[in-house]
There are 2 protein chains.
Amino acid sequence: MSQSKRAELIRKALMLFYRNGFHATGMDLVARETGVSKTSIYKHFRTKEELILAVLRLRDENFRNWLYRRMEELADTPKGQLLAMFDALGEWFREDNFKGCMFIKASAEFQEHDHAINAQAYAHKQLLVDHFEALARQAGLSDPHVSARQLLILKEGAIVIAAMSHTDTSAKEAKRIAEDLLA
Amino acid sequence: MSQSKRAELIRKALMLFYRNGFHATGMDLVARETGVSKTSIYKHFRTKEELILAVLRLRDENFRNWLYRRMEELADTPKGQLLAMFDALGEWFREDNFKGCMFIKASAEFQEHDHAINAQAYAHKQLLVDHFEALARQAGLSDPHVSARQLLILKEGAIVIAAMSHTDTSAKEAKRIAEDLLA
DNA sequence: TCCCTCATTAACTGATCGGTACATATTTAT
DNA sequence: ATAAATATGTACCGATCAGTTAATGAGGGA
């Protein structure tokens, strides 16, 4: 299987898992929708879990690239970028295929304490916190680490409410809190 | 089936679904663990979805009762109670069997736009917001509705992070934000 | 005692689960 | 050109999925 074929398999599997959930998406469906037979899939991923982990790696890359870039496009100061994150989230919430945070959902479906999928989901959040913390430090905030973790709480809360309510208002509400936090 | 038998069935099913997830928990396992045969279960619940909805009703009742009572025990002013919510959440996070918010997980597994389970999960959050809003109004806040929704965002964010990180620090971090909000 | 009713159950349905054995292309090396 | 190696698809594995069928059980009224 070529590198591009493999990448497309992961990309299509991502859409299926994101839309339908992990347990609810069978490997037969993955094979049918990707046009790659199950045997071939299992040649490159020993288990469904390994495929999910590969999907989460792609999602982490795509999502953080998109978010960081959008934050930079919307503002040119560190503090402005942290606030602009909530505008970017609002754009995401308004997308037709918005279905919440893939990592929250992965963690919810595989929450055994030491599960690799749970660990990888949390690793994604830690990378986000690291980015926020760097920006908070550049912005001259007194406690960049705490501020970063607080921004993460606001972000996750806004996403959860947006996914359940099918509205984007939580983005603005969270932004107002962040404005106080960073003032 | 007696009323108490039915209540115990729902109670045991709740634990199974909370621990293992909804799709991952089969009806055979529910029958085995509750000691009630599948046929009897399906006599009282036409589908698995109906059982899940009954479970969520029980969870809504239990969780809100517990949270509201704990908030009242920990503080005697409206504002104090809203802040005490985060102390109560911290207690919850430290429980051995803490596995995140059942409604977030239900919504994540059944997120089709108009799904009854999703709707019921969101209804639970709306009941929480209503309670927060009443307290915010009693506390004399200028915009009780927005404050209530912001507190919900903090609560959900703290829960998601606690579930993924297996720590309780998000409770304190969220509380510090709430203290600014309600100041 | 007999019959009726209703709750309960074991055993089963076809479909799907994650994963595999094996036979058949297709590619690569010589 | 040919043989070895790799990639792929079909057809299947036992287990489990949500849900049902047909038989059994106990309890109550006459």
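Just so we're on the same page: letters track the sequence lines, and every chain starts at 1. What you see is a predicted model, and the numbers here were worked out from it, not measured in a lab.
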Can you label the angle between the F22(A) ring and the F17(A) ring as parallel, tilted or perpendicular, going by 30° and 60°?
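Aromatic pair F22(A)/F17(A) classed parallel.
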Parallel, tilted or perpendicular: rings of W92(A) and F98(A) (30°, 60°):
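Perpendicular: the ring planes of F98(A) and W92(A) meet at over 60°.
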Can you list the residues that meet the ring-ring contact (aromatic ring centres under 6.0 Å, His included) rule with F132(B), with sequence neighbours excluded?
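Counting only residues at least two positions away or on another chain, F132(B) forms no ring-ring contact (aromatic ring centres under 6.0 Å, His included).
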First encountered from the 5' end of DNA chain D, between D28(B) and K38(A):
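Here K38(A) is the residue nearer the 5' end.
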What protein N or O atoms touch nucleotides 22-27 of chain C N or O atoms at under 3.5 angstrom, if any, and at what distances?
none

What is the separation between atom [atom1] on [X] and atom [atom2] on [N], rounded to the nearest whole Å?
X       : N       : atom1 : atom2 : result
R32(B)  : dT16(D) : CZ    : C1'   : 10 Å
H44(B)  : dA7(C)  : NE2   : P     : 7 Å
Y42(A)  : dT20(C) : OH    : P     : 8 Å
E109(A) : dG18(C) : CD    : P     : 12 Å
F22(A)  : dT16(C) : CZ    : P     : 22 Å
H23(A)  : dA18(D) : NE2   : P     : 12 Å

So if I take residues 50-59 of chain A and measure heavy-atom distances to DNA chain D, which residues fall below 4.0 Å?
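Residues of residues 50-59 of chain A under 4.0 Å from DNA chain D: none.
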[X] bridged to [Y] by N-O distance under 4.0 Å:
X       : Y       : result
E179(A) : R176(A) : no
E73(A)  : R69(A)  : no
R57(B)  : E61(B)  : no

What's the spacing between E173(B) CD and S147(A) OG if we round to 0.5 Å?
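Here the rounded value is 10.0 Å.
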So is K105(B) actually on top of Y18(B)'s ring, under 6.0 Å and inside 45° of the axis?
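K105(B) over Y18(B) ring: yes.
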Counting side-chain heavy atoms from CB outward, which of dG18(C), dT10(D), dA18(D) is closest to K48(A)?
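The listed nucleotide nearest to K48(A)'s side chain is dG18(C).
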What are the two closest heavy atoms between R94(B) and D87(B), and how far apart are they?
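Scanning both residues, the minimum pair turns out to be NH2-O, 4.4 Å.
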Nearest heavy atom decides the nucleotide; on that basis, is R46(A) or L29(A) closer to the 5' end of DNA chain C?
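Nearest-nucleotide comparison on DNA chain C picks L29(A).
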